[in-house]
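As structure tokens, the structure follows; a few thoughts come after it.
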Amino acid sequence: MCGIVGYIGTQKAKPILINGLLRLEYRGYDSAGIATIENNVIKNIKNKGRVNDLLSIPEIETLDGTIGIGHTRWATHGKPSSTNSHPHLDNSNTFAVVHNGIIENYAELRKDLENKGYKFLSETDTEVIPNLIHYFFSNSSLTGEMKFLNAVNEACKLLVGSFALEILCSLYPNSMLVVRKDSPLVIGTSQTENYISSDIPAILSFTKDFYLLNDLEFAYLTRDTVKFFDNNLNQISKNTTSIEWNATAAEKDGFEDFMLKEIFEQPKSIRETIGSHINGKCVINDLNISKEYLESINKIFIVACGTAMHAGLACKSVLEQICEISTEVDIASEFRYRNPLINEKTLCIFISQSGETADTIAALKLAKERGSKTIAISNVIGSSISREADYTIYTHAGPEIAVASTKAYTSQIMILNILALYFAQILERNLDKVEALKQELLEVPNKVEQCLKLANEVKEFANKVYKEKDIFFLGRGIDYSSSLEASLKLKEISYIHSEAYAAGELKHGPIALIENDITVVALITVPYLVEKSISNIQEVITRGAKTLIITNQDLGNKTFDKIIRIPEASEYVSPILSIIPMQLFAYYISKEKGLDVDKPRNLAKSVTVE
């Protein structure tokens, strides 16, 4: 969940590394550091705090080298401190390493290295890596670049866990080695420069041509070459992938925060999703699934974490009712530990915005081992999940920088709706409903624009309740899944304790938490559940709660503190519309509290560790 960046070329590395780290701060922001090679000596500048804090360290002005690596950290082993910050060096200061991932057997490796005379300064798992490399390097009879490469390979063979590594060696001042396993890493290339990063947006302004590494593939980089090797150190060839994202998409573009920009980008991102997959009929290119196969399966699993899992919950009913296939939604971190009943008659759909979510990828691998066909839904071309799955569907939402997901979530819901219609077309089921829903999906971007016009109404209510310690969300049916996502958004960026409940469960315990002047937010968009929902809300009003209602239904002359009306839509589409004011609600509360909206505490954008 850390961010790493590297550069080797003809320019000074320092400003490129700093620029890249600033773009990667959503991956980790409790400490940062860079290392460059200066006159055949590794110079290492690092400290606790944000990337910009590095610029206050006087020594950073002395860095003129044209090769370097950088890191912005999300702490796992060891509290944030200068010593625990990356890059880490071996005892001889010959090797410098930045690492994204977790080394699960680091304690065992550290003890073995200590027995060999190595000293450790930090509490991190990463510090074993440069010392392991040094051990194998100093005991090798090889020469040249193969000596460097072999030492790194031998070290990697001992590492249990996940890692993306960038490695400098002062003895090879014109080269760099990178390798990955279960953690993201891309290489951007041009004629005289090479760029390395854990995420494409960090280096997208420099190049659109990228090499994508598979697990345990090594890249040996110079200024104008990249050589690739497999884990047996056989040289292999790789082709570049062209990424068409506009580099300005990773800028704030006049908005105060990335999150606000991304909330307001949702009409565009949803149009991109629609345009890629609806052309007369619903089309999922490269998804080679037959009618015979769909008729043979008895269950669909949607597996994901956090917001992506909520997108799955929001679309469970459309798959069941339009496709007539039993659908279950599961949390990826629990899925593989409960011995799920999956086989060749099960279709498993895995959702991950980054495509690098460790729990989701592990669940996907389990499903494949059990014989299930797997579909990945991701926003990142060439991500790990897209290369593991049998099939991949891209949301085309564009770069999402803020840690709290907004436009990726609504694009995921849109994709799942399109997928349901695609399956129903193949199965020739409910074709009248398919056509009606397809036409409704085409209208969603315009309806999202109408929802965004409610921002001032939402802000006004948010400013009244931002000091509260507890806020509750209620919903019935599909509104319950939207309530879960609304509650998560509020938790993530405002640090207010919030809970979401199925409204019918209120009287079975949670109502004990309702007291005078507490805020309850209720979502009401399902026509046949309106009266039931109102009854539940009356129960909290009689106990003194303030109420905010998000609805597209006629609620009659009921007395609520605030009603925000969103456009009418079917229950399949309403989760996209009802979440817009809830995203804004969380945003405005966070801003009123003076918090960092884009980089909430303790969270990172891409969760690459279990």
Side-chain angles (χ1 to χ4, degrees), residues 301-321 326-335 338 409 413 465 468-492 494 496-553 555-556 558-564 566 571-572 574-575 577-579 581-582 585-586:
F301 271 105
I302 301 175
V303 183
C305 298
T307 288
M309 189 268 291
H310 294 160
L313 286 171
C315 296
K316 169 181 165 69
S317 62
V318 71
L319 284 160
E320 290 191 328
Q321 295 176 31
S326 175
T327 301
E328 187 171 337
V329 182
D330 212 336
I331 301 168
S333 58
E334 298 292 330
F335 184 72
R338 67 173 183 84
Y409 171 72
I413 295 176
V465 300
E468 298 199 9
K469 302 298 183 183
D470 304 277
I471 292 179
F472 295 95
F473 294 82
L474 300 178
R476 276 184 173 266
I478 207 162
D479 288 329
Y480 173 51
S481 65
S482 300
S483 296
L484 287 167
E485 175 60 13
S487 177
L488 178 60
K489 281 290 145 303
L490 188 66
K491 288 187 189 81
E492 284 180 312
S494 76
I496 292 174
H497 169 257
S498 67
E499 298 292 343
Y501 294 105
E505 285 294 292
L506 192 66
K507 63 180 67 69
H508 298 286
I511 200 166
L513 299 171
I514 304 301
E515 56 189 22
N516 192 50
D517 214 33
I518 204 164
T519 296
V520 175
V521 182
L523 284 70
I524 308 176
T525 69
V526 183
Y528 57 86
L529 292 173
V530 169
E531 292 304 320
K532 296 291 186 183
S533 298
I534 289 175
S535 296
N536 298 137
I537 298 165
Q538 292 295 343
E539 292 170 352
V540 302
I541 290 175
T542 59
R543 288 158 178 82
K546 297 192 299 291
T547 51
L548 168 64
I549 311 298
I550 311 299
T551 188
N552 54 16
Q553 301 296 308
L555 305 184
K558 302 295 187 296
T559 303
F560 304 115
D561 291 281
K562 178 67 178 178
I563 298 177
I564 292 179
I566 59 175
E571 64 177 289
Y572 307 128
S574 64
L577 305 181
S578 63
I579 202 60
M582 293 294 87
F585 183 63

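Keep in mind that what you see is a predicted model, and the values were worked out from it rather than measured.
- A donor-acceptor contact shorter than 3.5 Å is absent between the side chain of Asp561 and the backbone of Leu548.
- Taking a 6.0 Å sphere around NZ of Lys562, one finds it holds more than 12 heavy atoms contributed by other residues, nucleotides or ligands.
- For Ser481 against Leu313, the heavy-atom pair with the smallest separation is CB-CB, 3.7 Å.
- Listed here is the closest heavy atom pair of Ser482 and Ile579: O-CD1, 3.8 Å.
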Exercise. Between Ile566 and Thr525, is a side chain to side chain contact (heavy atoms under 4.5 Å, CB included) present by the stated rule, with each step listed?
Worked result: CA-CA 9 Å; Ile566 59 175; Thr525 69; 4.1 Å; yes
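- We find the OG1-CD1 distance between Thr519 and Ile514 to be 10.0 Å, quoted to the nearest 0.5 Å.
- Interatomic distance, CD1 of Ile496 versus OG of Ser487, reported as 10.5 Å (0.5 Å rounding).
- Put simply, the side chain of Tyr501 does not reach to within 4.5 Å of the side chain of Ser483, judged on heavy atoms.
- In terms of modelled atom types and a separation under 3.5 Å, the side chain of Thr551 and the main chain of Ile524 share a donor-acceptor contact.
- Side chains of Val520 and Ile537 form no contact here, defined as non-hydrogen atoms less than 4.5 Å apart.
- Of all the heavy atoms in Asp479 and Val526, the pair that sits closest is OD2-N, 3.7 Å.
- Within the structure, salt bridge (Lys or Arg N to Asp or Glu O under 4.0 Å) pairs that include any residue of residues 512-529 comprise Asp517-Lys546 (at least two apart or interchain).
- Here Arg543 does not pair with Glu539 in a salt bridge; the nearest charged N to carboxylate O distance is not below 4.0 Å.
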Problem set entry | From CA spacing to verdict: side chain to side chain contact (heavy atoms under 4.5 Å, CB included), Glu571, Tyr528 | CA-CA 10 Å; Glu571 64 177 289; Tyr528 57 86; 3.4 Å; yes
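- For the atom pair Thr327 OG1 and Lys316 NZ, the distance stands at 6.0 Å (nearest 0.5 Å).
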Problem set entry | Chi angles and distances behind the side chain to side chain contact (heavy atoms under 4.5 Å, CB included) call for Lys507, Asn536 | CA-CA 8 Å; Lys507 63 180 67 69; Asn536 298 137; 3.8 Å; yes
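- Nearest heavy-atom pair across Gly312 and Val329 is O-CG2, 3.6 Å.
- Within the 4.5 Å cutoff, no side-chain heavy atoms of Val540 are placed close to those of Phe472.
- By the 4.5 Å heavy-atom criterion applied to side chains, Phe585 and Val465 are counted as neighbours.
- At least one side-chain heavy atom of Asp330 sits under 4.5 Å from a side-chain heavy atom of Arg338.
- A 4.5 Å side-chain heavy-atom check between Asp470 and Leu513 finds every atom pair outside the cut-off.
- Checked by atom type and distance alone, the side chain of Ser494 never pairs as donor or acceptor with a backbone atom of Ala586 at under 3.5 Å.
- Using a 4.5 Å heavy-atom cutoff, the side chains of Asn552 and Leu577 are not in contact.
- By the 4.5 Å heavy-atom criterion applied to side chains, Met582 and Leu490 are not counted as neighbours.
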